[in-house]
Q: 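I am attaching a structure below and will ask some questions about it afterwards.
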Amino acid sequence: MSNTRMPRPLAVSRLRAALDPAKVPFENSDAIPDSDPTPSFQPRAIKALELSLAVSGNEYNVYVAGEPNMGRSHFIGSFLGKRARKAPTPPDWVYLYNFEDEDRPVALSLPAGVGRKYKNAQQKAVSRLRSRIPARFEEESFQKTHERLLKKFTQRRDELFARMEEEAEKTGFRLSIDEDSVITLAPIVDGKPLTDSDYDTLDPKLRKELKNKGEKLLEELSDDLRSINRNEQGLKKSEDDLHRDTARDEVKAELQPLREEFGHIEGLKEYFEAFEECVVDNVDQFTGKETAMPSLFMDTQSSGEDFFTRFEVNLFVDNGKTQGAPVVNEDHPTAFNLLGSIERESEMGALYTDFTLVKAGALHRANHGFLLLNVEDLLSNPHSWEGLLRALRAGHAKIEDPVEPDQVRARTIEPQPIPIELRVILIGTDINYELLLYNDDRFSKYFKLKAHLQPTCDRDATNVKRYLRALGRIARQEKMPPFSREALAGLVDLGSRLSEDQKRLSLYFPLIRERMVEAAALTRIRGGETVEYADLAQAIEDRDYRSDLYQTEFMSDYDREVIKVATGGSAVGEANGLSVTQFGDHEFGLPHRIACKVGVGHGGIIDLEREAQLGGPIHTKGMMILKSYLVGLFAQDKPLVMTGSLCFEQSYAGIEGDSASGAELAALLSALSGAPINLSYAFTGAVSQCGCIMAVGGVNEKVEGFHRVCSRRGLTGEQGVLIPADNAVNLMVNDDVVRDVREGRFRIYPVSTIEQAMYVLTGMKTGVRNAQGRFPKGTLYRMVDDRLAELADLAKKKSK
C-alpha cells in the first residue's frame, strides 16, 4: 500500500457543525409555533404504541426502552394525552356489603360519575331511616295499634289466669304468678294458704297427699299453660310483624327513589332487596333499645356498634372527574399502591377490617386506560411485579393481603375481583429489557411490544426545524425569556455536541432543557429580556466550572510536571496517548505518556497493565492485536523473537478499552526502529490486525484535553492531535480549539492507518515491501525489520 502522502490537518470548517443563525426562520423562541414534534423523532416507538392501542386484550402491553434523560415519561405522556382524552371514560366501581357472606364484599360497576351520586344518595337514605323508623314507632297510630295488640294479649292472658285460679281453688290450692311468669301453687288449709314453713310442719302423709294433688292440678292446668305460652308467642310475633311492617314501609319509601334512579344498574336490584330485608330483620338496631313490651320470651341481640357500616358504599374507583381514559403514572409501585390493599383499624387492641377499608391501587384507577410504571421501581417490589403479571393473566384484579411464608395470617376479607382491560407501559433501559426477556418467560407474553427510543436523529433541514419547535416548546412550558436566533442556533449545535456527531442531533431533551434553564437564569440576573448566545455559552461554561474541580487539579499536576507528559521535543519508544476520565457527570480528556522498551529474549510483548492486574479485557485484546500486527508484517520470513514491555506511565488506576492501542503500537514501532516520535502530538485510535486506525469514543474530550495542557504551557504552533479519520464527523470541539486551529497554533490530523500516523509522528515513510520481500532502505519499517532480524539472531546465538 502506498503511504508516502502525509495526511493533511483538518480545516476549521470540519471541526464542528455550526448552524447559521440567519437560517433560523424565527425571530426568537416566542415566534415558534406551539406544537410537540417529539413523536416525529421516535418512529419506532410510535409504531409500537399505535399498534398497542389498536389491539384488545391484556397481552399487547409496551416496554419503552431508552436511557435516562431521554424524556421517556414526557414522550409517553405527550403521545397518550390527546388519545386518552378522546377515549371513552371508564365506569366507577363500588364495593357493597354482601348480606349473604360478609367476608366477600360485592363489586359493582356504575357509569362514570354515578358512583358518587349513588354513595351520597344511599348515605342520606340511611341517615333518614335511622331517624324516621324510631320516630314512626313513637307516632300515635303505631302506639294505638300496639296497645290493641297488648290489650288483646292481656285480656286473653287474664282470662286464662282467672280460669286457672278458679280450678286451683276448687282443688284447694291458691295459684299465683310472679313477674317472671313463674307459677306457684300453695295448699289452702283452714281457709289460709300454707307458707313453706307451715308446709314443712305438716304430717308427712298429708304433705304427700297435697303434693300429689298439686301435681295432678298442674297436669290439668297444662293446656291452659300452653295456651298462655301460645298467646305470648302470638304477641311476640304480632309485635315483630308490626315492627317489620312499619320498618318495611319506611325502607320502601326511602329506597324507592334509589330504585328508580339506580335500579337499572346490574346488581343493584338484588342489592336493594337484600338491603330492605336486612333493615326489616334488624329493626331493633334502629330503635337503639330493646322493646319494652312484657314477654315470656325476650329475643335479645347484641347491639353491634358498627352495624350501620354495612349500609355504606365504598366508592372504590371514582371517574367522575376523569375526561376520557385515565393515564396513571405510579411512581411508587409498592404492592399496596399498585394492586390495592385491605386496611385495618384498631379497636381495644384488636385489628378488624370490613369492605369499607378496601382501597384501590393504581391498577384499578388505570382500568380501561393506561398505567405507566418505571421498571427499576417495579422490580424493587417483587410482590408488585408478581401481582401485576397475575392480574394480566387472569384478566381481573384481585385484592388480597400479601403474606410472607413465616407470617401469621390474620383474619381478612376477600373482595370480589374486578375485571381489568388496560395498557401497562413499562419505562426502563435496554439492559433491564434484556434481563426480563431472558429471565422471565411471562414478560414476552404480556409485553409483546418494545417501543425503542432512539438517542439521536439526522441533522437535516427537516429535523432542524422540528428541533427548533421542540426548543420553543420547552421555553414556553418553562416560561423562559425568549431565546434569540443566535441562542437557538447554539442550542441546535449543542444537540450535535451531546450526540458527538456533526450529522446528528441528540434527543436527550432533558439535558438540553437544563442548559436552557440555566441560560435563562443568567439572562434574568443581568436584567435582560432575551436569552442571547453569550448567555448560553456562559451557562455551559459555568456548568463545566461547577464540576471541573478534579480536572483543575489534574491540570495543576501537568503544569508542575508532577505528571510527566511532554508536549514538545521527541523521544524513542514514547508516545502521547489520550484517555477520557469521568467524575460524576463531568467528562474530560487527559494525555498520558506511553512508554515501550525492547530487548533480546523470548518473552514477547509484555503488557505491564495486565501483569499488574490494572488492564481490563478489552485493553488486553488491544495488546494481542499489536502482536498480531507485528506477526503479520514482520514474521513471514523469520521468527518473531523479542522481549518488550508497554505501559501507561504514572497510571495507578484500572485501564480499559483499546482506544490507546494505536499510540501503543506507535511507541513499540519507535522502540524497535529507533526513530524518535514527535511529542508535540498526541494520538488516539484503535488499531486493527491489518494496521487500520478505527474510531473511538470521547474524541472531543480527548482533543480538548491535550489542547488544554498545551495551551497552559504555551502553544508552539507545532502541536496537535491524531484521530481516526472515521472520527472526523464526531468532532464538535469547543471555541478555544476552533480559534487556535484557525490561527495555526494547533492541528488535528485524521489518519486511516498506522502508517499515516507514523509518518506524522516521526516524519518518516514506513515503506512497502518490494518484490524481494524487503522494505526500502531508509524507511521506518526497514529499520523495524532489521532490528527484529538482529534480535532473532542474538536470541539464537544466546541459546547455543
Q: Tell me if the aromatic rings of Phe311 and Tyr97 count as close, with their centers under 6.0 Å from one another.
A: no
Q: Using the salt bridge (Lys or Arg N to Asp or Glu O under 4.0 Å) criterion, which residues pair with Glu312? Sequence neighbours excluded.
A: none
Q: Pairing donors with acceptors under 3.5 angstrom, does anything connect the side chains of Thr334 and Asn337?
A: yes
Q: I'd like to know if the side chain of Asn98 reaches the main chain of Val106, judged simply by a donor and an acceptor atom lying under 3.5 Å from each other, with no hydrogens or angles considered.
A: no
Q: Salt bridge (Lys or Arg N to Asp or Glu O under 4.0 Å) with Glu277: which residues, sequence neighbours excluded?
A: Arg248
Q: If every non-hydrogen atom of Val62 is compared with every non-hydrogen atom of Ala451, which pair is closest and at what distance?
A: CG1-CB, 3.7 Å
Q: Checking side-chain polar atoms at under 3.5 Å, does Asp36 have a donor or acceptor matched by the opposite partner on Ser78?
A: yes
Q: Which heavy atom of Thr89 sits nearest a heavy atom of Asn319, and at what distance?
A: CG2-O, 3.9 Å
Q: Are side-chain heavy atoms of Leu426 and Phe443 found at a separation under 4.5 Å?
A: yes
Q: For residues Thr287 and Phe137, determine if any side-chain heavy atom of one lies less than 4.5 Å from a side-chain heavy atom of the other.
A: yes
Q: With ring centroids as reference points, do Tyr95 and Phe355 lie under 6.0 angstrom apart?
A: no
Q: With side chains defined as the heavy atoms from C-beta onward, is the minimum distance between Pro91 and Leu110 less than 4.5 Å?
A: no
Q: Under 3.5 Å, sequence neighbours excluded: what are the donor-acceptor pairs made by side chains of residues 388-398?
A:
none

Q: Enumerate the side-chain hydrogen bond (donor to acceptor under 3.5 Å, both in side chains) contacts for residues 46-64, please, sequence neighbours excluded, ordered by first and then second residue.
A: Ser52-Arg423
Q: What do you reckon, are the aromatic ring centroids of Phe447 and Tyr433 less than 6.0 Å apart?
A: no
Q: Would you please say whether a donor-acceptor pair under 3.5 Å links the side chains of Asn432 and Glu376?
A: yes
Q: So, using side-chain hydrogen bond (donor to acceptor under 3.5 Å, both in side chains) as the criterion, who are the partners of Arg85 when residues are at least two apart?
A: none
Q: So, are Asp281 and Arg244 salt-bridged, with charged N and O less than 4.0 Å apart?
A: yes
Q: With sequence neighbours excluded, tell me which residues meet salt bridge (Lys or Arg N to Asp or Glu O under 4.0 Å) with Glu139.
A: Arg136
Q: Please determine if Glu140 and Lys144 form a salt bridge, counting it only when a charged side-chain N lies under 4.0 Å from a carboxylate O.
A: yes
Q: Counting only N and O atoms by type, is there a donor-acceptor contact under 3.5 Å from the side chain of His364 to the main-chain atoms of Gly361?
A: yes
Q: So which pairs with a foot in residues 106-127 pass salt bridge (Lys or Arg N to Asp or Glu O under 4.0 Å), sequence neighbours left out?
A: Arg116-Asp318, Lys117-Glu261
Q: With a cut-off of 6.0 Å (strictly less than), are more than 12 heavy atoms of other residues, nucleotides or ligands near CD of Gln323?
A: no
Q: Decide side-chain contact (heavy atoms from CB on, under 4.5 Å) for Asp92 and Ser109; before the verdict, give the C-alpha distance in whole Å, the side-chain angles of both, and the deciding distance to 0.1 Å.
A: CA-CA 6 Å; Asp92 296 339; Ser109 172; over 6 Å; no
Q: Counting neighbours of CG on Asn439 that are heavy atoms of other residues, nucleotides or ligands and sit closer than 6.0 Å, is the number greater than 12?
A: yes
Q: Is any side-chain heavy atom of Val375 closer than 4.5 Å to a side-chain heavy atom of Ile427?
A: no
Q: Mark yes when over 12 heavy atoms from residues, nucleotides or ligands other than Glu260 sit less than 6.0 Å from its CD; otherwise mark no.
A: yes
Q: What residues form a side chain to side chain contact (heavy atoms under 4.5 Å, CB included) with Thr353, not counting sequence neighbours?
A: Ile342, Arg344, Leu357, Ile413
Q: Which heavy-atom pair separates Leu371 from Ala366 by the least distance, and what is that distance?
A: CB-CB, 3.8 Å
Q: Treating Asn367 as the side-chain partner and Pro90 as the backbone partner, does any N or O pair qualify as donor plus acceptor under 3.5 Å?
A: no
Q: If you compare all heavy atoms of Ile399 against all heavy atoms of Lys359, which two are closest, and at what distance to 0.1 Å?
A: CD1-O, 3.9 Å
Q: Going by an N to O cut-off under 4.0 Å, is there a salt bridge joining Arg259 and Glu273?
A: no
Q: Test Leu449 against Val55 for side-chain contact (heavy atoms from CB on, under 4.5 Å), laying out the working first.
A: CA-CA 11 Å; Leu449 298 175; Val55 179; over 6 Å; no
Q: My understanding is that only residues two or more places apart in sequence, or in another chain, count here; which of them pass ring pair (Phe, Tyr, Trp, His ring centres under 6.0 Å) with Tyr352?
A: none
Q: Examine distances only and state if a side-chain atom of Arg132 and a backbone atom of Leu129 form a donor-acceptor pair shorter than 3.5 Å.
A: no
Q: Could you tell me whether the side chains of Asn381 and Ser384 share a donor-acceptor contact shorter than 3.5 Å?
A: no
Q: Can you name the residues that form a side-chain hydrogen bond (donor to acceptor under 3.5 Å, both in side chains) with Tyr446, not counting sequence neighbours?
A: none
Q: Check Arg130 against Phe286 and note the closest heavy-atom contact, atom names and distance.
A: CA-CD2, 3.9 Å
Q: Show your reasoning for whether side-chain contact (heavy atoms from CB on, under 4.5 Å) applies to Val94 and Val317.
A: CA-CA 7 Å; Val94 299; Val317 176; over 6 Å; no
Q: Minimum heavy-atom separation for Trp385 to Leu436, with atom names?
A: CZ2-CD2, 4.0 Å
Q: Test of understanding: with side chain to side chain contact (heavy atoms under 4.5 Å, CB included), list the residues that count as partners of Ser380, not counting sequence neighbours.
A: none
Q: With a 4.5 Å limit on heavy-atom distance, are the side chains of Lys252 and Glu276 in contact?
A: yes
Q: The test is side-chain contact (heavy atoms from CB on, under 4.5 Å); show your working for Leu373 and Leu338 and say whether it passes.
A: CA-CA 10 Å; Leu373 298 169; Leu338 179 63; 4.1 Å; yes
Q: Heavy-atom distance under 4.5 Å between the side chains of Leu96 and Leu268, does that happen here?
A: yes
Q: Looking at side-chain heavy atoms only, is the closest gap between Leu437 and Leu435 below 4.5 Å?
A: no
Q: Would you say that Phe316 contacts Val358 through its side chain, given a criterion of any heavy-atom pair below 4.5 Å between the two side chains?
A: yes
Q: Any salt bridge (Lys or Arg N to Asp or Glu O under 4.0 Å) involving residues 328-339? Give me the pairs, sequence neighbours left out, ordered by first then second residue.
A: Glu330-Arg365
